[in-house]
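Quick caveat: nothing in here was measured; it's all calculated off a predicted structure.
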Amino acid sequence: MTTTATDVIQGHIPVASKGPRTRKDRTIYWITTGIVSAVMVYSIVNFTWFDRFPFPEGGFVHLGLPGYFRTELTIAKALGVLALLVPGVPAKVKEFAYFGFGITLLSASFAHFSSGDARISVLFVLDPLVFLGVLIVSYVYFNKLRRESTR
């Protein structure tokens with residue numbers, strides 16, 4: 001018996017089990033999303049209560065950023081974390097959160113590089129890029145799961 005594309009499309013022949021793969025995909029998605037969310041919450045806490053560490057003048061002053069930007073960034077990060085973690089949030093809102101976090105992480109790396117923090121530790125520049133990679137993995141699996149749920 002030969003299997004044709006029409007048989008597969010019409011559902012006469014089962015393609016492959018989605019069970020284990022979907023579970024693996026969901027696990028990867030939630031682990032990476034949890035890591036990104038934890039990093040953003042950590043930065044919110046650090047900006048709000050521990051801004052003088054490791055820079056005595058304050059992180060935002062050290063990077064040459066205006067003081068009001070701290071408030072804007074803190075609120076945006078909090079909303080982004082909620083958008084990623086709360087079920088039922090529309091996909092477009094989640095995509096805006098991913099985009100905003102991507103810009104934030106790239107900007108953090110550029111800001112630390114531009115202020116000369118790489119001389120203190122190259123991790124100031126590399127850490128945001130590592131978490132950008134984790135964010136990208138989360139986004140890829142977000143889209144993968146979204147596509148699978150619409151089938």
Heavy-atom closest pair, residues [X] and [Y]:
X: Val93; Y: Ala83; answer: CG1-CB, 4.0 Å
X: Glu95; Y: Phe142; answer: CG-CE2, 4.1 Å
X: Leu84; Y: Lys94; answer: O-NZ, 3.1 Å
X: Leu63; Y: Ser115; answer: CD2-OG, 3.5 Å
X: Thr22; Y: Leu145; answer: O-CD2, 4.2 Å
X: Leu129; Y: Val125; answer: CG-O, 3.7 Å

Could you see if [X] belongs to whatever hydrophobic cluster contains [Y]? Use Ile, Leu, Val, Met, Phe, Trp, Tyr and a side-chain cutoff under 4.5 Å.
X: Leu79; Y: Val89; value: no
X: Ile136; Y: Tyr141; value: yes
X: Phe113; Y: Leu123; value: no
X: Ile75; Y: Val45; value: no
X: Ile103; Y: Phe47; value: no

With no hydrogens and no angle check, just 3.5 Å: does a side-chain donor-acceptor pair link Ser43 and Lys77? yes

Between Tyr98 and Ser138, is there a side-chain donor-acceptor contact under 3.5 Å, judged purely by atom types and distance? yes

Distance from [X] atom [atom1] to [Y] atom [atom2], nearest 0.5 Å?
X: Lys24; Y: Ile28; atom1: NZ; atom2: CD1; answer: 5.0 Å
X: Lys144; Y: Ser149; atom1: NZ; atom2: OG; answer: 13.5 Å
X: Ser109; Y: Asp127; atom1: OG; atom2: CG; answer: 9.5 Å
X: Phe101; Y: Thr33; atom1: CZ; atom2: OG1; answer: 10.5 Å
X: Ser37; Y: Leu82; atom1: OG; atom2: CG; answer: 9.0 Å

Take Leu85 and Trp30 through the side chain to side chain contact (heavy atoms under 4.5 Å, CB included) test and state the conclusion after the steps. CA-CA 9 Å; Leu85 296 180; Trp30 280 111; 4.0 Å; yes

In a check of side-chain contact (heavy atoms from CB on, under 4.5 Å) between Val134 and each of Ile31, Val36, Val39, which one passes? Val36

Checking side chain to side chain contact (heavy atoms under 4.5 Å, CB included) for the pair Asp25/Glu148: CA distance, chi angles, key distance, verdict? CA-CA 10 Å; Asp25 293 348; Glu148 286 178 5; 3.4 Å; yes

Taking ring pair (Phe, Tyr, Trp, His ring centres under 6.0 Å) as the test, write out the residues that go with Phe131, two or more places apart. none

Would you please name every residue forming a side-chain hydrogen bond (donor to acceptor under 3.5 Å, both in side chains) with Asn143, sequence neighbours left out? Tyr139, Arg146

